[in-house]
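Notes follow the structure.
Naming: A, B, ... by sequence-line order, numbering from 1 per chain. None of these values were measured; they are calculated from a predicted model.
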2 protein chains.
Amino acid sequence: MPRKQTTKTPPRRPDSDRAHSSTVEDYLERILELINTKGYARVVDIAESLQISQASVTNMVQKLDAEGLLNYERYRGMILTTAGQTLALNITRRHQLLTDFLGLLGLEDNVIYRDVEGMEHHISAPTVRAIEALTEQLKRQPALLERVRTAAQQ
Amino acid sequence: MPRKQTTKTPPRRPDSDRAHSSTVEDYLERILELINTKGYARVVDIAESLQISQASVTNMVQKLDAEGLLNYERYRGMILTTAGQTLALNITRRHQLLTDFLGLLGLEDNVIYRDVEGMEHHISAPTVRAIEALTEQLKRQPALLERVRTAAQQ
DNA sequence: AAAGAAAGTTAGACGGGGCTAAGATTATTT
DNA sequence: AAATAATCTTAGCCCCGTCTAACTTTCTTT
Ligand SMILES: [Mn+2]
Ligand SMILES: [Mn+2]
Ligand SMILES: [Mn+2]
Ligand SMILES: [Mn+2]
């Protein structure tokens, strides 16, 4: 084995370059959803919904409070700050877009849910726009979609 | 705030349900790439390529060895096991597919690279097939793609 | 064959995000 | 108003993947 001979491969973008972790995005998304459906987000509900212990939720909620994404009052409740709402709406939008998009391709709901829950954290603004535009166009091409669904079947 | 009133939200799939972490997939992908381009994967090259310290690479390589994804000989070198190769090829395929797909939509290379590097870990087999089929069809629809690119531009 | 340089390893630490057990607080029953 | 149940918090722990500093091994020069 010869030594050295440096390779150049495209640089990675460490997770830390993103403003917030996937975990934080998932919490905010769920908190917004709870607030929208039942009017408030309780620790116990978030825990149940994310399948995580209450203790872990309390931890994270305190952290989100410290980061200014929500205002939390011990034992009482929480509300999203403007920053938190913005992020929550943003991730929700990406979630919805990907769900719609994969739905057009004829995938099963549980597959869609699983994949979207991961992918949603990794599509940047330009990609969101591109997929939005694509989805728009695809809706007008039922024949093409039918071919895709059939081909993807087996 | 009233108490209780249990909500039902779709369950999450914890990272641990996946056979291997995103990190492991990234290492394997890069190791395979290095082996293909220069014939061998050295700790120093992996480190440089992933922008990670050599110490961290040594750690992970030992772990991958322990998990049977590669055979590593201290100070000497490593080769992928069959299991490791399978995984490496699999993630490479997903990387390539997503790169092609997003390329069709007219996104910039650096955006594509960044998003793909994250998304590739979250598309299951059925989704791979669906996007493959879609990509196939889209290649035959230059007019549609032109509309997508234009719409996504602003 | 040294000596210096490069590559690799180990040790110890850290932050993120999860858990359980135990205790504190708040809500609901009786 | 107690007593009980539900909810929430704290403390202490763990695993993952990363880092730096120091040390070892291997390679390249001279
Ligand atoms: Mn998610
Ligand atoms: Mn989501
Ligand atoms: Mn990746
Ligand atoms: Mn990749």
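Using a 4.0 Å cut-off, no side-chain N or O of A/S53 falls inside it from OP1 or OP2 of C/dG18. Residue A/S21 places none of its side-chain N or O atoms closer than 4.0 Å to OP1 or OP2 of C/dG16. In this model, the phosphate group of C/dG16 is not approached by any side-chain N or O of A/Y27 to a distance below 4.0 Å at OP1 or OP2.
The CE-P distance, from B/M60 to D/dC15, rounds to 16 Å in whole Å. Look at CE on B/M78: it is 10 Å from C1' on C/dG8, rounded to the nearest Å. Computed from coordinates, the A/D45 CG to D/dA6 P distance equals 14 Å when rounded to whole Å. Here C/dG16 presents its P atom at 16 Å from CD of A/E25, a figure rounded to the nearest Å. One atom, CG of A/L50, and another, P of C/dG18, lie 8 Å apart when rounded to the nearest Å. The separation between B/L64 atom CG and D/dG17 atom C1' is 12 Å, rounded to whole Å.
Sequence neighbours left out, the pairs with a member in residues 94-103 of chain B that pass salt bridge (charged side-chain N to carboxylate O under 4.0 Å, His left out) are B/E25-B/R94. Residue pairs meeting the side-chain hydrogen bond (donor to acceptor under 3.5 Å, both in side chains) criterion with at least one partner in residues 131-140 of chain A, sequence neighbours excluded, are A/R93-A/E132, A/Q137-B/R147. Within the structure, the salt bridge (charged side-chain N to carboxylate O under 4.0 Å, His left out) test picks out no pair touching residues 53-71 of chain B (sequence neighbours left out).
In this structure, A/E117 and A/E29 have side chains that are in contact, with non-hydrogen atoms separated by less than 4.5 Å.
Applying the salt bridge (charged side-chain N to carboxylate O under 4.0 Å, His left out) rule to B/E108 yields no partners; only residues at least two apart in sequence or on another chain are considered. A/A55 pairs by the side chain to side chain contact (heavy atoms under 4.5 Å, CB included) definition with A/S53, not counting sequence neighbours.
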Polar atom pairs (N or O), protein with nucleotides 9-15 of chain C, under 3.5 Å:
| residue | atom | partner | partner atom | Å |
| --- | --- | --- | --- | --- |
| C/dT9 | OP1 | B/Y72 | OH | 2.4 |
| C/dT9 | OP1 | B/Y75 | N | 3.1 |
| C/dT9 | OP2 | B/T58 | OG1 | 3.0 |
| C/dT9 | OP2 | B/Y72 | OH | 2.6 |
| C/dT9 | O3' | B/R74 | NH2 | 3.1 |
| C/dT10 | OP1 | B/R74 | NE | 3.2 |
| C/dT10 | OP1 | B/R74 | NH2 | 3.0 |
| C/dT10 | OP2 | B/Q62 | NE2 | 2.7 |

